[in-house]
Amino acid sequence: MQNSLILGDNLEILKTIDSNSIDLIYLDPPFFSNRNYEVIWGDAGEVRSFKDRWAGGISHYIDWLNERVKEMYRILKQTGSIFLHCDWHASHYIKTQILDRLFDYENFRGEIIWKRTHAKNDAIKKLTVLTDSIFYYSKTRKFTYIPIFVELREQYVKSAYNLKDERGQYQAITLTGAGINKNDIEWKGYHPAKSGRHYAIPKEIIKNLAGEAGDNYSSIEKLELLEKNGYIVWSANGVPRLKQYLDNTKG
């Protein structure tokens with residue numbers, strides 16, 4: 001079925017696909033807009049139409065969509081992900097009644113807000129809708145995610161990487177994250193819990209300095225290693241920060 005375009009009822013096609021066989025799914029289902037649509041198709045100006053009307057209301061729509069997303073869940077690999085495109089008409093129902101239940105809320109990876117280029121002023125009394133949503137879920141916590149990097153803008157480099165030492169240009173970034181870790185302890189007069197934070201030290205730089213053994217280091221051992229190798233800079237109020245070098249930035 002590789003490189004195939006299939007015309008038909010997607011539910012029936014989904015039932016023919018093996019379980020745990022698909023890496024990624026993107027779906028753009030009807031939005032529960034309760035409208036009829038006409039689209040000019042191709043150079044010949046052919047008119048294609050479809051209906052997004054649901055006689056049974058929102059419950060009928062959710063049942064219809066849930067049946068299909070359930071099959072999509074089945075065919076996704078354990079490392080797979082799904083992106084579902086919707087808008088304000090049913091987005092909250094889709095997330096809470098379908099996606100959170102099938103994929104588990106813990107596997108909700110984020111929401112892409114898609115801003116429309118041209119927004120219409122609706123005649124009825126309501127707020128003008130400017131965006132759609134794309135919900136991103138993984139099937140499990142062992143999902144595949146490949147980030148895409150682009151070259152940093154020159155103006156951003158000048159403003160962000162405005163410090164320099166013998167290694168090159170760098171910016172001083174935080175070594176903590178939001179939330180308290182009860183295992184954290186004070187280091188050189190600084191304790192992240194006092195600010196409602198916890199140590200969040202990048203794994204990659206520790207691995208570069210200590211190899212696989214660094215995985216077993218405590219937070220304090222990692223901080224000592226970073227300072228010993230010249231990667232720590234202290235803020236004016238006594239907070240340790242990490243030197244992130246421009247040469248080591250992927251984009």
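Under the salt bridge (Lys or Arg N to Asp or Glu O under 4.0 Å) criterion, Lys77 pairs with Asp23, sequence neighbours left out. Applying the side chain to side chain donor-acceptor pair (under 3.5 Å) rule to Trp114 yields no partners; only residues at least two apart in sequence or on another chain are considered. Asp132 is linked by a side chain to side chain donor-acceptor pair (under 3.5 Å) to His85, Arg116, counting only residues two or more places apart in sequence or in another chain.
Side chain to side chain, Thr96 and Tyr105 fail the donor-acceptor criterion of an N or O pair below 3.5 Å.
Cation-pi check for Arg167 over Tyr231 is met; the charged atom lies under 6.0 angstrom from the ring centroid and within 45 degrees of its normal. Cation-pi contact between Lys222 and Tyr217: absent, since separation from the ring centre below 6.0 Å together with deviation from the ring axis within 45° is not met. Remark: Lys139 is not positioned above the aromatic ring of Phe103, lacking an NZ or CZ atom under 6.0 angstrom from the ring centre and at most 45 degrees off the axis.
Aromatic ring centres of Phe83 and Tyr136 lie closer together than 6.0 Å.
Salt bridge annotation for Glu71-Arg68: absent, with no cationic side-chain nitrogen under 4.0 angstrom from a carboxylate oxygen. For Lys95 and Glu111, the salt-bridge test fails: no basic side-chain N is under 4.0 Å from an acidic carboxylate O. By the 4.0 Å N-to-carboxylate-O rule, Glu224 lies too far from Lys228 to be salt-bridged with it.
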Hey, mind stepping through Leu175 and Leu226 against side-chain contact (heavy atoms from CB on, under 4.5 Å) and telling me if it holds?
-> CA-CA 11 Å; Leu175 279 164; Leu226 290 172; 4.2 Å; yes
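Relative orientation of the Phe108 and Tyr137 rings is tilted, given thresholds of 30° and 60° on the angle between their planes.
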